[in-house]
Amino acid sequence: MVLVARNLSKHYTMGASVVRALDDVSLTVAEGEFVGLLGTSGSGKSTLLNLIAGLDQATAGELLVFGDDLAKMSSETLSRHRQKNVGIIFQSFNLISTMTAAENVALSMMFAGVPRAERERSASDLLTAVGLGGRQTHRPKELSGGEQQRVAIARALSNTPRLLLADEPTGNLDSRTSKEIMALLKDLNERDGKTVIMVTHDADLAKRYAHRIITMLDGKVLSEVTA
Amino acid sequence: MIISDTLRLALGNVRQSKLRTFLTTMGVSIGIASLAGMVSLGVGLQDQFVGRFMQAGVFDAITVSSGNNGGLPALLGGRGRGRGRAGRGGRAGNPPVEGAAPETARPEPPALDEAAMTAIKGLPNVKDVFPNIRVPLQMHLGEFEELGTAMGVPMSAKDEGAFRTMSAGAFFANDTDDSCLLSLDMAKRINETDPKSLVGRTLTLSYTASTATPGAPAPTPMPTMPGMPNLGALLQMKRVDRTYRIAGVVEREPGAGLGGFGFANVMIPLSKAMEIDGQVVRSAQALLTEAPTKTKTYTSVTVKVTKAQFTEDVEDKIKGLGFQAFSINDALQGAKRAFIILDLVLSLIGSIALAVSSLGIMNTMVMSILERTREIGVMKAIGASDSDIRRIFLVEASAIGVLGGVAGIILGWVVGRAINFGANIYIVRQGGEAGNLFSLPWWLIAGALAFSWLVSLVAGSYPANRAAKLNPIQALRHD
C-alpha cells in the first residue's frame with residue numbers, strides 16, 4: 001500500500017470553536033492508482049492532501065505513507081519525506097519567480113543534496129519530458145499558465161517520487177491547457193506507474209481520469225466510487 | 001543541502017534586492033568604520049606614546065642598583081655619589097616593599113662593582129652593561145657659566161633614538177674623545193638664537209679634585225665650596241679645568257630620567273666620565289669619610305637587553321643576583337592599563353553606530369522574509385528542511401555583515417587618514433611632531449571583519465529562525 005489512513009482527524013481551534021477539518025477518515029491507496037479526491041471547498045480534501053504531503057500533522061489517527069507513520073515524524077524527517085516520497089503540484093503553480101524553469105526544477109534536488117552538474121542535467125531531461133525542451137532559461141513570467149504547470153510537474157518529478165499529489169492542478173488553466181496537463185498526469189500514471197492523488201472540485205474531471213473517486217463532505221468521506 | 005548551494009541560493013537572494021542590500025551594507029560599514037576608527041585611534045595613540053619611549057631606547061634598559069638597602073651606608077660610605085642618586089629620585093634608596101624584606105635579611109648584599117657587571121653581562125639576552133656616571137661640574141663657554149651635571153654616555157648608545165637623529169653635529173668619535181654633546185635646552189641657554197652654531201666650539205668643564213690623584217694640574221682653591229669643616233681637607237683639593245669640543249646638540253633628552261640617561265645637560269664619553277668620577281670631590285664630608293683606594297663600586301648601572309621583550313626576564317635574573325633592578329616596563333604597566341580603559345571607552349562609542357546598524361540588518365532580514373514568505377513555503381513544500389531555510393537566511397545576513405565589514409574598514413581607513421592628515425597639519429603648526437594617530441594593524445582588520453560577521457549572525461538569527469519556523473501551508477497561502 002502506498003497510503004493507509006486510519007481514523008485520521010485534523011482539528012483546528014478558531015477562537016472558541018473547534019473546526020473539524022478532517023474527522024475520522026480511513027482510506028487506502030494502492031500503488032499505481034489514480035485517485036480523485038472530490039469535494040466542495042471546506043470538505044477537507046485539501047487538508048487530507050496536506051497531511052499526506054507532510055506539510056501538516058494530524059491531530060489524531062494514523063497516516064502511513066510507504067509504511068511510515070507521518071504522525072511520528074520529526075520536522076526534519078518530514079522534510080525528507082516531502083523531498084523524496086512525494087511530488088506536489090499546486091493550483092497556482094508556486095514557481096519561484098526569480099529563477100528560471102531549469103532552476104525551479106533543480107531546486108528540490110538542491111535540497112536533496114544532488115550535486116550541481118547532475119541536477120542540471122536531470123532538470124533539463126525532465127523539462128524535455130514534459131514538453132518544455134526549449135524553455136529551460138525562461139522565467140515563470142515568460143511562460144504561459146500551462147507551461148508553468150509543466151515546469152511545476154517537472155519539479156514534482158525531480159527526486160523521482162512514487163506518489164504525486166496534485167491540488168486542483170487545472171484550476172488556473174483554460175480547458176484546452178487543462179486537457180494537456182491532465183493528459184500529462186495520466187501519462188505519468190499509466191506509463192511511469194506513478195501513484196496520483198488529485199484534489200478537485202470538478203466531478204467530470206475526476207470521472208474522466210481517476211480510477212477511484214473519493215467524495216468528501218465536512219471532513220468525512222461521503223462515498224468511494226471505483227470507475 | 002550542500003553548503004555551496006546554500007551560499008549560491010543566499011547570495012542570489014542578496015543580488016535580487018540590490019538597493020536594500022546596498023543600504024543595509026552601508027549602515028553596517030558606517031558602524032564598522034566608527035568602531036574600527038575608534039579602536040584604531042586608541043591603538044595609534046598608544047603606539048605614539050610607547051613609540052616615544054622606544055625611540056628613547058628605554059624599553060630595553062634596566063637600571064640596576066646595589067642590593068644595599070639605601071639609607072645611611074649608601075649616604076656616608078662608598079664613593080658617596082649623592083648627586084647621582086638624587087637624580088634618579090628615591091628609587092635607588094627605596095626598593096619595592098616586597099623586595100625589601102629579603103634584602104634586609106641578607107647580611108651582606110653584593111657590591112655593584114666590575115665583577116658584578118661582568119656577571120650581569122654574562123646573563124642571556126644582555127647586550128651591554130655600563131655604569132651610570134654623573135659628575136657635578138662647572139661649565140664655561142665665553143660669558144656663559146653654569147653649574148651642572150655631566151653624564152657618561154657609552155659608545156653603544158650611538159644607535160639609540162636620541163642620538164640617531166641629532167639636532168646638529170655628530171656623536172663622539174671614540175670613547176676617549178675629548179668632545180661632548182649638549183642638550184638642546186642647554187645649547188639654547190648658551191646661544192638663544194642659533195644653538196646649532198655651537199658645534200665645534202670649546203666648552204670648559206671644571207671640577208674639584210683631590211690632590212691624591214696624580215697627573216692633575218696645579219691646585220686652585222675652590223671659593224664656592226660650601227660648608228668646609230676642615231682646613232686640611234681644603235688644602236688637599238684643587239680645581240681642574242678641561243676643555244671639550246662640542247661635537248653635537250641632542251634634541252630630545254635621552255631616556256628622560258629613566259634607564260640611566262637623563263637629567264644631564266652635557267654628555268661626555270663614558271670613559272672620560274669615569275676618569276673624572278675617580279677624581280672629583282663632591283663634598284667635604286665625602287672627602288673626610290672616604291677610603292682612598294677601595295674596589296670601585298657603582299651606585300647604579302644600566303643593563304641593555306637585546307630585545308625589549310626580554311626585559312622582564314633579565315630583570316628577574318638580576319634580582320636573583322641580589323641587586324635591585326628597575327625598568328620602564330614597571331612604570332609602563334599603569335599606562336598600559338590606562339590605554340586599555342581608553343580603548344574600551346573608544347570602542348564603546350564606536351559600537352553605538354554598529355548597534356544601530358545591526359538593527360538595520362535585522363530589519364532588512366525581517367522585510368526580506370516577509371516578502372518571500374510564499375517562496376519559503378514553496379521551498380519547504382518541495383523538501384527544504386527548517387535548518388536549510390535557517391542557514392539560507394543566516395548566510396544572507398552574513399553576506400551583508402561581511403560586505404559591510406569590508407566596506408567599513410576601507411571607509412574607516414580613508415576617514416582615519418583624512419583626520420590624521422588634518423591633525424598633523426595642526427600638530428606640526430603647534431610645534432609638535434607629525435605621526436600616525438590612527439593605526440590599523442592586521443588584527444584590527446581581522447577583528448573588525450569577524451565582529452561584523454558576528455553582529456550580522458546575531459542580528460540575523462531572529463529573522464532566520466522565524467523563517468525556519470514558518471508553517472508551510474500558511475506560507476503558501478501568503479501573497
Side-chain angles (χ1 to χ4, degrees), chain A residues 10 12 21 46-47 49-51 53-57 73-100 103-120 140 152 154-159 161 165 167, chain B residues 1-21 364-365 367-396 399 464-479:
Chain A
K10 177 70 186 178
Y12 301 100
S46 287
T47 303
L49 198 80
N50 286 337
L51 288 180
L55 289 168
D56 208 352
Q57 283 193 298
M73 284 185 182
S74 67
S75 91
E76 208 66 20
T77 332
L78 272 179
S79 73
R80 225 160 303 137
H81 162 76
R82 296 194 292 264
Q83 221 169 64
K84 307 260 183 186
N85 295 342
V86 295
I88 311 173
I89 299 151
F90 304 92
Q91 175 178 356
S92 50
F93 324 132
N94 279 333
L95 298 177
I96 291 174
S97 58
T98 54
M99 292 182 180
T100 64
E103 284 168 347
N104 265 291
V105 176
L107 190 61
S108 67
M109 288 186 270
M110 195 191 260
F111 294 127
V114 178
R116 194 180 178 189
E118 193 183 326
R119 62 173 190 258
E120 278 174 0
R155 181 180 64 186
L157 294 169
S158 63
N159 285 319
L165 304 175
D167 191 356
Chain B
M1 195 176 178
I2 302 167
I3 295 165
S4 63
D5 287 331
T6 312
L7 280 171
R8 189 172 297 125
L9 213 54
L11 297 184
N13 287 344
V14 169
R15 237 172 286 133
Q16 214 54 237
S17 45
K18 284 194 186 71
L19 179 66
R20 191 169 56 197
T21 304
T364 297
M365 294 310 294
M367 283 303 293
S368 168
I369 283 154
L370 200 66
E371 255 174 35
R372 298 215 304 267
T373 300
R374 194 185 171 95
E375 196 177 312
I376 294 162
V378 173
M379 292 199 283
K380 283 193 149 190
I382 64 172
S385 66
D386 292 3
S387 49
D388 286 337
I389 303 289
R390 187 180 297 115
R391 246 177 272 138
I392 289 167
F393 286 100
L394 280 180
V395 170
E396 204 174 319
N465 265 325
R466 217 170 87 158
K469 293 283 167 229
L470 274 179
N471 177 326
I473 296 169
Q474 280 166 15
L476 282 167
R477 273 190 215 123
H478 196 274
D479 310 291

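Order of the sequence lines fixes the chain letters, A, B, ..., with proteins taken first and strands second; residue numbering starts at 1 for each chain. Computed over heavy atoms, backbone and side chain alike; hydrogens, waters and symmetry mates excluded.
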Inset, instruction - Looking only at non-hydrogen atoms, find the nearest pair between B/S385 and A/S79 and report the distance. - result: CB-OG, 3.2 Å

Legend entry - Partner chain B: residue of A/R82, A/E103, A/E76, A/Q83 with the largest heavy-atom pair count (under 4.5 Å): A/R82

Inset, instruction - Dump the intermediate steps for side chain to side chain contact (heavy atoms under 4.5 Å, CB included) on B/V378 and A/R155, then the final yes or no. - result: CA-CA 11 Å; B/V378 173; A/R155 181 180 64 186; 3.4 Å; yes

Legend entry - Which atom of A/F111 lies closest to which atom of B/G383, heavy atoms considered: CB-O, 3.7 Å

Inset, instruction - Drop me the distance from B/K380's NZ to A/S75's OG, to the nearest 0.5 angstrom. - result: 7.0 Å

Legend entry - A/R116 vs B/I2 side-chain heavy atoms within contact, under 4.5 Å: no

Inset, instruction - Please round to the nearest 0.5 Å and tell me the distance separating atom CD1 of A/I96 and atom CG of B/L9. - result: 7.5 Å

Inset, instruction - Check whether B/I392 gets within reach of chain A through its side chain, its backbone, both or neither, counting any heavy atom under 4.5 Å. - result: side chain

Inset, instruction - Flag the one option from A/K84, A/R119, A/M99 with the top tally of heavy-atom pairs under 4.5 Å to chain B. - result: A/R119

Legend entry - Separation between OG1 of A/T98 and CZ of B/R372, rounded to the nearest 0.5 Å: 8.0 Å

Inset, instruction - Using a 4.5 Å cut-off on heavy atoms from C-beta on, say whether the side chain of B/D388 contacts that of A/M110. - result: no

Legend entry - Taking every non-hydrogen atom, the tightest pair across B/N471 and A/L55: OD1-O, 4.5 Å

Inset, instruction - State, to 0.1 Å, how close B/I382 and A/S108 come at their nearest heavy-atom pair, and which atoms those are. - result: O-CB, 3.3 Å

Inset, instruction - Select, from A/V86, A/N159, A/V114, A/L107, the one with the greatest count of heavy-atom pairs under 4.5 Å involving chain B. - result: A/L107

